[in-house]
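Here the structure is laid out as structure tokens; the discussion comes afterwards.
The figures that follow rest on heavy atoms only: side chains count, while hydrogens, waters and symmetry mates do not.
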Amino acid sequence: MRLTLAAIGKPGRGPEAQLAEDYARRATLAGRPLGLGPLELLDLEPRKPGAAAEGALLLEAAEGAYLIACDERGKAWRSRDFADWIGTLRDQGERRLVFAIGGADGHAPQVRAAARATLAFGPQTWPHALARAMLAEQLYRAVTILAGSPYHRD
């Protein structure tokens with residue numbers, strides 16, 4: 001099952017971007033034997049400003065996939081439960097998960113309507129570069145949990 005982290009905006013070359021790339025690489029390598037991956041980091045730049053243009057890009061990137069909108073109003077998962085959920089989706093035959101991180105004003109209504117699930121990192125609003133790195137780490141952690149690796153400790 002392919003994993004895509006689709007985010008509005010460019011992360012730049014700072015340490016947060018490097019961290020997300022490192023976790024994506026790790027998740028890809030560790031996930032292969034489990035039928036998970038690659039973990040693709042997809043950065044989207046709309047040609048027009050506004051949530052509607054951003055939403056259209058995210059929906060295009062998620063076409064045919066199981067869409068999960070990252071949103072502060074979403075569900076906050078324990079890491080092990082998140083991993084189990086991803087494993088269940090894989091086992092049920094989902095071929096691709098797309099985790100969407102919206103622009104500065106959050107997700108457009110059409111993205112929230114199309115999302116089959118929402119994911120939150122708590123009630124706080126996080127900078128996009130950090131949210132991207134945190135999600136990449138949690139996806140790597142989910143892969144290692146499913147692999148039985150000692151990376152995660154309950």
Side-chain angles (χ1 to χ4, degrees), residues 1-11 16-17 19-122 125-147:
M1 177 173 68
R2 292 176 40 218
L3 305 169
T4 301
L5 194 163
I8 297 297
K10 297 287 182 190
E16 300 90 346
L19 190 60
E21 290 168 9
D22 182 53
Y23 280 119
R25 181 185 53 75
R26 290 185 197 189
T28 296
L29 292 173
R32 277 190 191 129
L34 304 172
L36 292 171
L39 171 51
E40 173 190 22
L41 301 178
L42 182 60
D43 304 314
L44 304 169
E45 283 285 336
R47 294 179 190 204
K48 296 180 183 179
E54 294 169 354
L57 275 179
L58 288 168
L59 291 176
E60 183 181 326
E63 189 173 333
Y66 189 107
L67 177 61
I68 300 121
C70 297
D71 186 281
E72 64 189 20
R73 295 166 294 223
K75 181 175 180 172
W77 294 79
R78 289 179 59 244
S79 294
R80 185 165 298 280
D81 295 335
F82 182 62
D84 290 343
W85 178 61
I86 288 173
T88 297
L89 290 173
R90 177 202 56 200
D91 296 346
Q92 290 173 345
E94 291 297 336
R95 297 181 49 98
R96 183 169 174 239
L97 302 184
V98 173
F99 295 85
I101 298 176
D105 295 322
H107 286 297
Q110 70 262 33
V111 173
R112 283 200 287 290
R116 295 175 63 189
T118 55
L119 172 67
F121 291 114
T125 300
W126 292 95
H128 284 72
L130 284 178
R132 190 172 172 267
M134 291 188 322
L135 180 53
E137 190 281 337
Q138 282 300 297
L139 289 167
Y140 170 65
R141 184 176 296 270
V143 167
T144 62
I145 288 170
L146 293 169

State, to 0.1 Å, how close [X] and [Y] come at their nearest heavy-atom pair, and which atoms those are.
X    : Y    : value
I86  : A142 : CD1-CB, 4.0 Å
P46  : L44  : CD-O, 3.7 Å
L19  : A133 : CD2-CB, 4.1 Å
A120 : G74  : CB-O, 3.5 Å
F121 : A131 : CE1-O, 4.1 Å
G55  : V111 : CA-CG2, 3.4 Å

Can you tell me how far the [atom1] atom of [X] sits from the [atom2] atom of [Y], to the nearest 0.5 Å?
X    : Y    : atom1 : atom2 : answer
L135 : I68  : CG    : CD1   : 9.0 Å
L39  : Y140 : CG    : OH    : 12.0 Å
E54  : K48  : CD    : NZ    : 13.0 Å
I8   : L42  : CD1   : CG    : 9.0 Å
E137 : R26  : CD    : CZ    : 8.5 Å

Q.
The test is side-chain contact (heavy atoms from CB on, under 4.5 Å); show your working for F99 and L139 and say whether it passes.
A. CA-CA 10 Å; F99 295 85; L139 289 167; 3.7 Å; yes

Q) Can we say E21 and R25 salt-bridge, meaning some charged N sits less than 4.0 Å from an Asp/Glu carboxylate O? A)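 Result for this pair is no, no salt bridge flagged.
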
Q | The single option from H128, R132, K10 passing side chain to side chain donor-acceptor pair (under 3.5 Å) against D43 | A |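 Result for side chain to side chain donor-acceptor pair (under 3.5 Å) with D43: R132.
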
Using residues 56-67 as the side-chain source, report each donor-acceptor pair under 3.5 Å to any protein atom, sequence neighbours left out, with the distance given to one decimal.
none

For residues 75-83, which side-chain N or O atoms pair as donor and acceptor with protein atoms under 3.5 Å away, sequence neighbours left out?
unit_1: S79; atom_1: OG; unit_2: Q138; atom_2: OE1; d: 2.8
unit_1: R80; atom_1: NE; unit_2: D154; atom_2: OD2; d: 2.5
unit_1: R80; atom_1: NH2; unit_2: D154; atom_2: OD2; d: 2.7

Q.
Show me the pairs that pass side-chain hydrogen bond (donor to acceptor under 3.5 Å, both in side chains) and involve residues 85-111, at least two apart or across chains.
A.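 As it turns out, the side-chain hydrogen bond (donor to acceptor under 3.5 Å, both in side chains) pairs with a partner in residues 85-111, which skip direct neighbours, are T4-R96.
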
Q: Check whether any side-chain N or O of T118 sits under 3.5 Å from a backbone N or O of A69 as a donor-acceptor pair, and report yes or no.
A: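 Not confirmed, T118 side chain does not pair with A69 backbone.
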
